[in-house]
Structures are given as C-alpha cells and as structure tokens.
Amino acid sequence: MKKLVLSAAIVLGSLSVNAAILPAISITQSVIVQDEFTEVALSAVPAEVKSTIEKSFPNTKLEKAYKNEKNEYKLEISSGDKKYTIFTDASGNIIKK
C-alpha cells in the first residue's frame with residue numbers, strides 16, 4: 001500500500017513539474033486592408049450619396065467625406081455625440097467593408 005501511495009505521489013509530482021515548465025505561447029497576426037481614401041469637400045459629394053445618408057440615417061450630420069480611386073465614398077456622420085463611418089459608391093448604394 002505504501003508503494004502505491006508513493007508511486008501516485010511521484011507521478012502527480014512529475015506531471016505538475018512538466019506543466020509548470022511549458023511556456024504559454026500566443027501568436028496573433030492581423031492584416032489590415034484599406035483602400036486609400038483622400039478627403040474631399042462636402043460640396044463635392046454627389047447628391048445621390050447625400051440623399052442616401054439623409055434617408056437611411058435621419059437626424060445625422062455629414063462631418064467629413066473621403067473618396068478613393070474606385071469612386072467609393074467613406075463618409076463620417078454624427079448624431080449627437082456618436083460618430084459613425086459609412087461607405088457608399090457614387091450612386092449612393094451602401095457598401096459593407
């Protein structure tokens with residue numbers, strides 16, 4: 001019986017030592033893909049895009065507008081103290097990014 005208890009103690013002791021020695025390795029990799037947008041004047045935003053914003057997001061204000069080479073718009077709108085970013089094409093269709 002003593003040998004059985006001693007054997008169990010040795011096995012459990014060796015398992016805890018091995019568990020303590022192994023380091024925890026965490027690898028995180030992220031890729032950010034973003035089209036190059038350049039800021040444009042609010043007056044340069046097409047009427048279709050402005051209309052979409054007014055209909056889809058009532059009681060918001062268009063703060064900034066950006067445009068990329070694909071003729072897509074990145075619009076920063078605000079409602080009170082909350083700010084949102086919306087993407088549309090030149091026809092005013094909302095794009096998920």
Side-chain angles (χ1 to χ4, degrees):
M1 185 69 172
K2 289 181 182 180
K3 290 182 181 180
L4 181 61
V5 172
L6 183 59
S7 305
I10 291 172
V11 170
L12 290 176
S14 66
L15 290 176
S16 64
V17 169
N18 287 337
I21 293 173
L22 295 176
I25 297 175
S26 170
I27 298 174
T28 304
Q29 182 178 12
S30 62
V31 176
I32 299 174
V33 177
Q34 184 177 12
D35 293 330
E36 293 294 325
F37 285 91
T38 55
E39 189 169 0
V40 295
L42 297 180
S43 59
V45 177
E48 295 88 1
V49 174
K50 289 180 182 178
S51 175
T52 298
I53 296 300
E54 290 172 1
K55 290 177 185 175
S56 301
F57 307 98
N59 302 321
T60 60
K61 180 181 176 188
L62 182 60
E63 297 287 333
K64 291 185 179 181
Y66 303 90
K67 184 179 175 183
N68 68 4
E69 293 176 357
K70 297 178 185 176
N71 218 16
E72 297 173 336
Y73 289 87
K74 174 182 171 183
L75 307 167
E76 293 181 3
I77 61 174
S78 65
S79 175
D81 59 345
K82 296 181 181 179
K83 296 189 183 277
Y84 305 96
T85 302
I86 310 297
F87 294 90
T88 68
D89 61 10
S91 301
N93 300 317
I94 295 177
I95 302 170
K96 289 187 178 184
K97 289 248 181 190

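The residues of the chain are indexed from 1 along the displayed sequence.
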Specify the closest pair of heavy atoms between [X] and [Y], including all atoms of both residues, with the distance to one decimal.
X	Y	result
Ala44	Val40	CB-CB, 4.4 Å
Tyr73	Val45	CE2-CA, 4.5 Å
Glu76	Tyr66	OE2-CE1, 3.5 Å

When rounded to the nearest 0.5 angstrom, what distance separates [atom1] in [X] from [atom2] in [Y]?
X	Y	atom1	atom2	value
Lys74	Glu36	NZ	CD	10.0 Å
Ile77	Lys61	CD1	NZ	12.5 Å
Ile53	Ile94	CD1	CD1	6.0 Å
Thr60	Glu54	OG1	CD	8.0 Å
Thr52	Phe57	OG1	CZ	9.5 Å

Name all residues meeting the side-chain contact (heavy atoms from CB on, under 4.5 Å) criterion together with Ser91; count only those two or more places apart in sequence or in a different chain, and write none if there are none.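 Testing Ser91 for side-chain contact (heavy atoms from CB on, under 4.5 Å), a comparison that skips the adjacent residues, returns Asp89, Asn93.
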Test side-chain contact (heavy atoms from CB on, under 4.5 Å) applied to Asp81 - qualifying residues, sequence neighbours left out: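 So Asp81 forms no side-chain contact (heavy atoms from CB on, under 4.5 Å) with any residue.
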Among residues at least two apart in sequence or on other chains, which ones pass side-chain hydrogen bond (donor to acceptor under 3.5 Å, both in side chains) with Glu63?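 Per chain and number, Glu63 pairs via side-chain hydrogen bond (donor to acceptor under 3.5 Å, both in side chains) with Ser78.
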Whether over 12 other heavy atoms sit under 6.0 Å from Lys64 NZ: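 Count not over threshold, so no.
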Asn59 atom CG, over 12 foreign heavy atoms within 6.0 Å: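 Atom CG in Asn59 is not packed in, count stays at 12 or less.
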Ser51 (side chain) donor-acceptor with Ala47 (main chain) under 3.5 angstrom: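 A pair under 3.5 Å: no.
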Answer with yes or no whether the hydrophobic clustering places Ile95 together with Val49; edges join I, L, V, M, F, W, Y residues whose side-chain heavy atoms lie under 4.5 Å apart.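 No, because Ile95 and Val49 fall into different hydrophobic clusters, even though each may have its own neighbours under 4.5 Å.
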